2 protein chains.
Amino acid sequence: MGRPQMSGEDNLLRLVEAEDGDENNYHLQDQVGFILRKAHQRHVSIFASHIGDLTPPQFAALAKLYDIGETSQNQLGTLIAMDAATVKGVIDRLKARGLVEVSKHEVDKRRLLVNLTPEGRQAIERLIPLARAITEETLAPLTAKEAATFLRLLAKLA
Amino acid sequence: MGRPQMSGEDNLLRLVEAEDGDENNYHLQDQVGFILRKAHQRHVSIFASHIGDLTPPQFAALAKLYDIGETSQNQLGTLIAMDAATVKGVIDRLKARGLVEVSKHEVDKRRLLVNLTPEGRQAIERLIPLARAITEETLAPLTAKEAATFLRLLAKLA
DNA sequence: CTGATATCATTTGCATACGAATGAATTTGA
DNA sequence: TCAAATTCATTCGTATGCAAATGATATCAG
């Protein structure tokens, strides 16, 4: 139904398409954006099957805090690629669960410092091995060599 | 701050890591899920800069309807990788803007048929060339050969 | 020193995204 | 045939994700 009311011009166009590889047809399922969205969905689903009580963004926040230690909410957002509004929600939920704690910056009163609680540290240490398994399962359709190539190219796009 | 209170054991661990490629350290920024999320974010941002009045999921719905013609809401969701709850919201918004129209299936009364309106058809025909530009810009960091490889591997993951 | 700018955090509004529950309609299978 | 299972759509609750507006604080420039 992409082109109703076929005309002589359309028939000519068809011949051209047959010769040049169908360039005038738009296939959603071949577009990088659409496939990217599906691949991301699949990863999130794999993540959820291994770690049911935490989302990927929440995990990212804990992992980054574990990596770098206390930092401001804004800086954390930059490091895990979340805008200010999003990171606030993520931190609020982690705070409500006792995995992070916040405090005011002594010098710069605009800043809200965020850090892991002992419970948060214990949680992330427990989860990191699972995260490795998640990465493995996500990349499972590729050979090791393909996975390395894919990660290299994906990083160039991100 | 991943490991506070360095001990002799930690120093030993460091030596091991230096030998085996740091396998015991977890780097969020190297995980496929995290990079996938960022790449997806970048694409959505590029999409928005070209097509401001429609989201990628809304565009996907229109493009698929243009491709296959009238279909049920559920079937459309399957084709564009959206669950029933999500596709309902997308269709509701497209309907409110007059780009699609819905009707009841004559035989199977459970089904809700969705189709483009003339305005919706005109819109998608206008947008498809922009979508090609969006794909191009998204893949711009890669060479043509890299882009082909990337798309092939991404499709295996999705 | 002070007015203009910039930064940090919050809030609101809108749009995916998904699990779970529900109800209506259809299909299946014993 | 008819009860059980399945399918389709809707609704609710929760969680990103982003734009825009706002208020508080800090920094900069003249």
Side-chain angles (χ1 to χ4, degrees), chain A residues 33-34 36-49 51-62 71-97 99 102-114 158, chain B residues 33-34 36-49 51-62 71-97 99 102-114 158:
Chain A
F34 183 71
L36 214 41
R37 175 169 150 272
K38 287 212 298 176
H40 182 247
Q41 281 177 1
R42 173 171 168 272
H43 167 74
V44 171
S45 167
I46 290 171
F47 187 100
S49 74
I51 300 179
D53 61 343
L54 221 56
T55 65
Q58 289 167 4
F59 175 86
L62 295 184
T71 187
S72 75
Q73 190 172 278
N74 215 45
Q75 173 66 7
L76 180 61
T78 299
L79 294 170
I80 59 181
M82 282 178 217
D83 75 2
T86 301
V87 78
K88 183 186 189 308
V90 172
I91 293 303
D92 278 353
R93 284 179 284 277
L94 292 174
K95 191 173 51 182
R97 292 177 52 178
L99 299 177
V102 303
S103 55
K104 288 180 192 163
H105 192 288
E106 286 301 320
V107 178
D108 187 340
K109 294 179 182 172
R110 296 169 304 178
R111 297 191 200 173
L112 190 66
L113 295 174
V114 187
Chain B
F34 183 71
L36 213 42
R37 174 169 151 271
K38 287 213 297 177
H40 181 246
Q41 281 177 1
R42 173 170 168 271
H43 167 75
V44 171
S45 168
I46 291 171
F47 188 101
S49 73
I51 300 178
D53 63 343
L54 220 56
T55 64
Q58 290 169 4
F59 174 86
L62 294 183
T71 189
S72 74
Q73 189 172 279
N74 215 47
Q75 173 66 9
L76 180 62
T78 299
L79 293 170
I80 60 181
M82 281 178 219
D83 75 1
T86 301
V87 77
K88 182 185 190 308
V90 172
I91 293 304
D92 278 352
R93 284 180 284 276
L94 292 174
K95 191 173 52 180
R97 293 176 53 177
L99 299 178
V102 302
S103 56
K104 288 180 192 164
H105 192 289
E106 286 301 320
V107 177
D108 188 340
K109 294 178 183 172
R110 293 170 306 178
R111 296 190 201 174
L112 190 66
L113 294 174
V114 187

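Both backbone and side-chain heavy atoms feed into the values below; hydrogens, waters and symmetry mates do not. Labels below follow one simple rule: chain letters A, B, ... track the order of the sequence lines, proteins then strands, and each chain is numbered from 1. Being a predicted model, the structure only gives us computed values, none of them experimental.
Using a 4.0 Å heavy-atom criterion, one finds that A/Asp83 contacts the bases of the nucleic acid, with or without backbone contacts as well. At a threshold of 4.0 angstrom between heavy atoms, the contacts of A/Val44 with the nucleic acid are absent. Residue B/Ser72 is classed as a sugar-phosphate contact, given heavy-atom separations below 4.0 Å to backbone atoms only.
Comparing A/Ala85 and A/Val107 along DNA chain D, the residue whose closest nucleotide (by nearest heavy atom) sits nearer the 5' end is A/Ala85. If B/Ala81 and A/Gln75 are placed on DNA chain C by their nearest nucleotide, the residue sitting closer to the 5' end is A/Gln75. Residue A/Gln58 is the one, among A/Asp108 and A/Gln58, whose nearest nucleotide of DNA chain D lies closer to the 5' end (criterion: closest heavy atom). Between A/Lys88 and B/Glu106, the residue anchored nearer the 5' end of DNA chain C, judged by the nucleotide with its closest heavy atom, is A/Lys88.
Distances from the side chain of A/Gln73 to the nucleotides D/dT10, C/dA17, C/dA9 place C/dA9 closest. Listed candidates were D/dA9, C/dT10, D/dG17. Nearest to the side chain of A/Ala84 is C/dT10. For B/Arg110, the listed nucleotide lying nearest its side chain is C/dA25; candidates were D/dG17, C/dA17, C/dA25. For A/Thr86, the listed nucleotide lying nearest its side chain is D/dT16; candidates were D/dA9, D/dT16, C/dT16.
Here D/dA15 presents its P atom at 14 Å from CE of A/Met82, a figure rounded to the nearest Å. Note: CG (A/Asp92) to P (C/dA9) measures 12 Å, nearest angstrom. Distance, A/His43 NE2 to C/dC18 P: 13 Å, rounded to whole Å. Counting to the nearest Å, the P atom of C/dA15 and the CZ atom of B/Phe59 are 18 Å from each other. The distance from atom CG of A/Leu54 to atom C1' of D/dT14 is 14 Å, rounded to the nearest whole Å. We find that CD of B/Gln41 is positioned 10 Å from P of D/dA19, with the value rounded to whole Å. If you measure from atom CG of B/Leu112 to atom C1' of C/dA24, you get 14 Å, rounded to the nearest angstrom. Between the CD1 atom of A/Ile91 and the C1' atom of C/dT10 there is a distance of 14 Å, rounded to whole Å.
The backbone N or O of B/Ala81 sits less than 3.5 Å from a side-chain atom of A/Arg37, completing a donor-acceptor pair. Checking side-chain atoms of A/Gln75 against main-chain N and O of A/Ser72 turns up no donor-acceptor pair under 3.5 Å.
Listed pair A/Arg111 / D/dA26 fails the phosphate criterion, with no side-chain N or O lying under 4.0 Å from OP1 or OP2. Phosphate contact (OP1/OP2 of C/dT16, side-chain N/O of B/Thr55, threshold under 4.0 Å): present.
Between B/His43 atom NE2 and A/His40 atom NE2 the span is 13.0 Å, to the nearest 0.5 Å. Put simply, CZ on B/Arg97 and CG on B/Asp92 are 13.5 Å apart, with the number rounded to the nearest 0.5 Å. Atom NZ of B/Lys95 sits about 8.5 Å away from atom CD1 of B/Ile91, to the nearest 0.5 Å.
Residue B/Asp108 is tested with B/Arg110, B/Lys104, B/His105 for a side chain to side chain donor-acceptor pair (under 3.5 Å); the sole match is B/Arg110.
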